[in-house]
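One structure is given here, and the rest of the page talks about it.
This one's a predicted model, so the numbers in the text were calculated from it and none came from an experiment. Indexing begins at 1, ligand by ligand and atom by atom, following the structure's order.
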Amino acid sequence: MAGFGTTIFAEMAELARRSGAINLGQGFPDTDGPNEIIEAAVDALRSGHNQYPPGDGIIELRSAIADHQAARYGMRLQPDGEVLVTTGATEAIAAALLALAGPSDEVVTFEPYYDSYAACIALGGATRRTVPLGAPDEPIDLDRVAAAITPATKVLLLNTPHNPTGKVFTVAELDGIAELCCRHDLIAVTDEVYEHLTFDGTVHVPLATRPGMAERTLTISSAGKTYSFTGWKVGWICGPAPLVSAVRTVKQFLTYVSGGPLQHAVAAALRLDDSVVDTLAASLQAKRDRLCAGLESAGFGVRRPQGTYFVTADIRPLGATDGMEFCRTLPDTAGVVAVPTQVFYDDTDAGRPFVRFAFCKRDEVIDEAVARLAGLAAGDRGTPVAEGTVSTT
Ligand code: PMP
Ligand code: GLN
C-alpha cells in the first residue's frame, strides 16, 4: 500500500482542526439525524443487545433492508443469503472487491472515484481502469466504457448518486452499462450510499433493476448518509446468494461481525415512514442551493449536483489552477476547508482545477463559509480568520 499514504479526508480534517477553519471538506452533517432513531439505539443498548450479533447481521435489519429494496425499487431479495450487513459501505466495498478481483483481474470504474475504490482494488492486487465523468448533466461516453473493458475485466464498479460530482446516472446510461456488463459477463458492484439524497425530483435507479442485472449485481448502501448518522457505520450489500456468499467469506476475516446495537436502530429507521428521508433530502436540497448560490457569487464556476452532499467548483474563474494548492492554502486565505478533486482521478490534470465543497451543514455555517470565500475574488487574501467565529462542530 506504499503510495496510498493518508486519505485526503484525514489530511483536510486535520487542517480544519489545526486552523479553526470551517470544514466543508469531509462529508458529514453537523446535526444529528432524527431523535426517534437515536432513541432506538439507546433502547437497543439497554436491552441486552451487546454481544456479537450473527455474522450476516441481525435478522430484523436484513428483513428491513430486503423490504426497503422491494418497496422502493421492486427488488426481490431473501433476507437469508441475499443480504449481508457490513461495517459501513466501506467494508462492503472492500469485501466485494477482495472477493471478486485478484491479481490479473481488472476493475472498471468512473473517475473521479471515491478514494477507497483505488485502495481496495490495490489490496486485492487487481488493476483499475477508469472512464472519465464530466459535469453532472453531461451524458457518460459509453464507447469509453466499452474501450476500458478487456478480457481481464471482472468487475464494473459504479457509484450513483456519485461522489464527488453529484451526478445521478440516468436510466438510459444504466441500460447502456447493463448491456456491456451482460455482453462481457461482468459482475457489477454498485455503491448507492446517497440513494435517497437526490434533488429536483431526480430519481435514483439501482443498476440491479435493469435488464439482465439482478443476477450479476451486488448493491451496496449504508445508513450513514440516509439518516445523517455517518459515524454509525452500518452498511449492507445485497445480491444473488453465490455473490453475497463470496463477500461473506471475506467479511468474516475483516471484521468477523459488525457492531450489534446500532443494527437494531437502523432496522427501526428503515421501518419509518418515507417522509423522514424525504424531509432530510428536501433540507439538503435547500442547502445545496444556498452553497451553490454563494459559490457562484464568490466567483467560482459551479457544477450543480443532482444528489449527494457535495458540489464541485471550478477555481479557474478565480485565477487559480491547482486545486491541491488552492485547498492547502484555503484555511489561511479564507478560513474554509475544501477537498481537491484531483485526488479522485488517475488523470490528475483533468481534476486539477476542481475542488469539492460539502453542503450538509447548518445554514449559518454555509453562510459564514460563503462570506469568507467572497473575499477571494476581491483579492482579499491572507486576512487571518479568528478561530471560533462560528462553531464548526
Ligand atoms: N461510498 C461513498 C461514495 C461515500 O461517499 C462514502 C462516504 N461515507 C462511503 C462509500 C462510505 O460509507 P460508510 O461511511 O457507510 O462506510
Ligand atoms: N464519504 C465522505 C466524503 O466523501 C467521508 C469519507 C471519509 O471520511 N472517508 O467526504
Side-chain angles (χ1 to χ4, degrees), residues 4-17 23-30 33 57 61 65 84-97 109-121 133 136 157-169 189-198 204 206-207 218-238 251 254-255 258-259 262-263 265-266 269-270 284 305-312 327 337-341 343-345 351 354-361:
F4 280 90
T6 306
T7 80
I8 194 69
F9 305 112
E11 182 184 339
M12 291 299 155
E14 174 58 18
L15 199 53
R17 198 193 56 75
N23 188 1
L24 302 188
Q26 193 182 28
F28 63 91
D30 57 359
L61 178 53
I65 293 165
L84 178 69
V85 175
T86 56
T87 301
T90 306
E91 190 197 21
I93 293 162
L97 290 170
T109 195
F110 291 91
E111 72 174 19
Y113 50 76
Y114 184 57
D115 70 340
S116 85
Y117 299 175
C120 292
I121 293 165
L133 287 178
L157 174 56
L158 175 72
N159 172 213
T160 183
H162 183 265
N163 174 12
T165 64
K167 176 181 178 63
V168 179
F169 282 66
V189 176
T190 67
D191 175 348
E192 305 182 10
V193 298
Y194 300 99
E195 61 183 316
H196 295 299
L197 306 182
T198 62
H204 163 71
L207 182 62
L218 284 166
T219 304
I220 293 170
S221 194
S222 163
K225 306 291 155 49
T226 299
Y227 300 106
S228 300
F229 292 114
T230 60
W232 282 18
K233 302 296 290 187
V234 178
W236 51 87
I237 184 161
C238 316
K251 186 228 153 54
L254 295 179
T255 51
S258 296
L262 298 181
Q263 293 188 33
V266 173
L270 286 166
L284 202 57
Q306 299 160 335
T308 77
Y309 281 168
F310 309 110
V311 52
T312 294
C327 288
V337 166
V339 166
T341 309
V343 300
F344 306 126
Y345 285 84
F354 300 110
V355 300
R356 189 195 82 172
F357 292 94
F359 48 80
C360 46
K361 306 294 175 183

So the atoms of ligand 2 within less than 4.0 Å of a heavy atom of K225 turn out to be 1 (N)

shortest atom 7 (C) of ligand 2-to-protein heavy-atom contact is with F9 CD1, 3.4 Å

Any heavy atom of F344 under 4.0 Å from ligand 2? The part involved is neither

T308 and F310 have their tightest heavy-atom pair at OG1-N, 3.1 Å

Check: Has ligand 2 got any nitrogen or oxygen that is less than 3.5 angstrom from a nitrogen or oxygen of D115?
Finding: no

Under 4.0 Å between heavy atoms, the region of F28 that gets near ligand 2 turns out to be neither

Ranking Y113, F28, Y114 by closest non-hydrogen atom to atom 9 (C) of ligand 1, top hit is Y114

Ligand 2 atoms nearer than 4.0 angstrom to some heavy atom of G27 are 2 (C), 3 (C), 10 (O)

Checking heavy atoms under 4.0 Å, the part of K225 that sits near ligand 1 is side chain

Mark yes or no for whether S258, through its side chain, and T87, through its backbone, hold a donor-acceptor pair below 3.5 Å. yes

The atoms of ligand 2 lying under 4.0 Å from a heavy atom of Q26, numbered in the order shown, are 5 (C), 7 (C), 8 (O), 10 (O)

Practice item. For Y345 and F354, run ring pair (Phe, Tyr, Trp, His ring centres under 6.0 Å): C-alpha distance rounded to whole Å, both residues' side-chain angles, the deciding distance at 0.1 Å, then the answer. Key: CA-CA 11 Å; Y345 285 84; F354 300 110; 7.3 Å; no

